[in-house]
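Here is the structure we will look at.
Here is how names work: the chains are called A, B, and so on, in the same order as the sequence lines, proteins then strands, and each is numbered from 1.
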Number of protein chains: 2
Amino acid sequence: MMELTRKGEYAIRGIVHLAGKPLDSVCLLSEIAAAVDVPPTFLAKIFQQFSKIGLVKSFRGTGGGFMLGRAPENITLLEVVEAVEGPIIPNRCVINPSDCDRSSYCNVHPVWKQVQDGVRGVLEQVTLKELAAGSSKS
Amino acid sequence: MMELTRKGEYAIRGIVHLAGKPLDSVCLLSEIAAAVDVPPTFLAKIFQQFSKIGLVKSFRGTGGGFMLGRAPENITLLEVVEAVEGPIIPNRCVINPSDCDRSSYCNVHPVWKQVQDGVRGVLEQVTLKELAAGSSKS
DNA sequence: CCCTAAAAAGACATATAAAGTCTTCTTAGG
DNA sequence: CCTAAGAAGACTTTATATGTCTTTTTAGGG
Ligand code: SF4
Ligand code: SF4
């Protein structure tokens, strides 16, 4: 359980690859897709999501492509994951306690909050800069 | 992401209910299902899984039913969850690094191990005894 | 102005997994 | 041998994951 989807995995690979590039260099989607071994059409969808929330900047037309929206040290893995997978929710009652009648007295409920905080805490400590370290090719 | 399935949620509810009963009392599946608001046929499947690994003991025929396999303070939430949901795997490379060519140099890989350990750590600290506290009726 | 290169958008298709049901079989007590 | 349970497995339905395809928009260059 608790498994990251392919989409999430691809998203991370893609943006980490971008983070390994020099800042302000525009990168073709096709180039990224090939480098990280992801179906280009699928990665396109993912980068569109990134673009909407500003995690990456996109440029259309000739000479277009993608670049990182912010400095890699200011983008956390948590942001990336939540951008494409949605919030970290170990159980639905965590985000919406009224979903479950039992939430008011349930002893399990707080455990899921603890799990959520734990996972978020780990992912929040990791930045794209660290993740890209060592994989910078030109 | 990271969401527990209904099956997992039901499993917890069911076994916690059982843990709230006096030890050595046999409990009907139908009674449990009604008490925790789960489709009886579905809960049956879940308890069969529990039974196979000894988390609960089952008795067939007239006067049959289920009872907890061990004392509730010796059963952790982690065991219950993993019994029905399988191991906690934030990403497939965690359980089988050879799945991914990149695992040898990937900087993301260790983060998922950290997440895994974190989640397991939380769930391992919680026992059925604590979860059942306060919900003992008869 | 037109042609081409690129991303954006949305409809579509397929595969897998989750969620639940149904039927038949086995076991045990009375 | 009849009835009350759980065991087992096939089956169905629904939702999600994993893509693909087509069309549109945007931008640069001749
Ligand atoms: S029973 Fe408890 S853990 Fe389960 S959904 Fe309700 S509040 Fe959450
Ligand atoms: S790229 Fe890294 S995180 Fe992703 S599957 Fe491979 S080893 Fe795991």
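- Counting non-hydrogen atoms under 4.0 angstrom, B/F66 reaches the backbone sugars and phosphates but no base.
- Protein atom CE of B/M1 is 11 Å distant from nucleotide atom P of D/dT18, rounded to whole Å.
- For B/E9 and A/R102, the salt-bridge test fails: no basic side-chain N is under 4.0 Å from an acidic carboxylate O.
- When the side-chain nitrogen and oxygen atoms of A/Y10 are compared with OP1 and OP2 of D/dT18, none of them lie within a distance under 4.0 Å.
- Nucleic acid contact for B/K57: none, since no nucleic acid atom lies under 4.0 Å from a heavy atom of the residue.
- Using a 4.0 Å cut-off, no side-chain N or O of B/S58 falls inside it from OP1 or OP2 of D/dA5.
- The residue B/T41 sits close to a base: some heavy atom pair falls under 4.0 Å.
- Among the atoms of the strands shown, only primed sugar atoms or phosphate atoms (P, OP1, OP2) are found under 4.0 Å from some heavy atom of B/S51.
- Per the geometry, CD belonging to B/Q48 stands 6 Å off P belonging to D/dA8, to the nearest Å.
- Within the 4.0 Å cut-off from OP1 or OP2 of C/dG20, at least one side-chain nitrogen or oxygen of B/R6 is found.
- Residues A/C93 and A/D99 form no side-chain contact, since every pair of their non-hydrogen atoms from C-beta on lies 4.5 Å or further apart.
- Side-chain atoms of A/E82 come within 3.5 Å of backbone N or O of A/I88 as a donor-acceptor pair.
- Remark: C1' of C/dA17 and CD of B/E3 are 14 Å apart, rounded to the nearest angstrom.
- For B/F47 and C/dG20, the CZ to C1' distance is 17 Å, given to the nearest whole Å.
- As a whole-Å value, the separation of B/K7 NZ from C/dT21 C1' is 15 Å.
- Side-chain contact between B/L55 and B/F47: absent, with no pair of heavy atoms (C-beta onward) separated by less than 4.5 Å.
- Comparing B/P40 and B/E85 against DNA chain C, the residue whose closest nucleotide sits nearer the 5' end is B/E85.
- For the OP1/OP2 pair of D/dT18 and a distance below 4.0 Å, the side-chain nitrogens and oxygens of A/T5 include at least one atom meeting the criterion.
- Following rounding to the nearest Å, A/M2 (CE) and C/dA18 (P) show an atom-to-atom distance of 13 Å.
- Contact check for B/P97 versus B/H109: side-chain heavy atoms found under the 4.5 Å cut-off.
- Rounded to an integer number of Å, the gap from NZ of B/K52 to P of D/dG6 is 16 Å.
- For A/K45 and A/T62, each mapped to the nucleotide of DNA chain D holding its nearest heavy atom, the one lying further toward the 5' end belongs to A/K45.
- The interatomic distance linking A/F42 (CZ) with D/dA17 (P) rounds to 10 Å, in whole Å.
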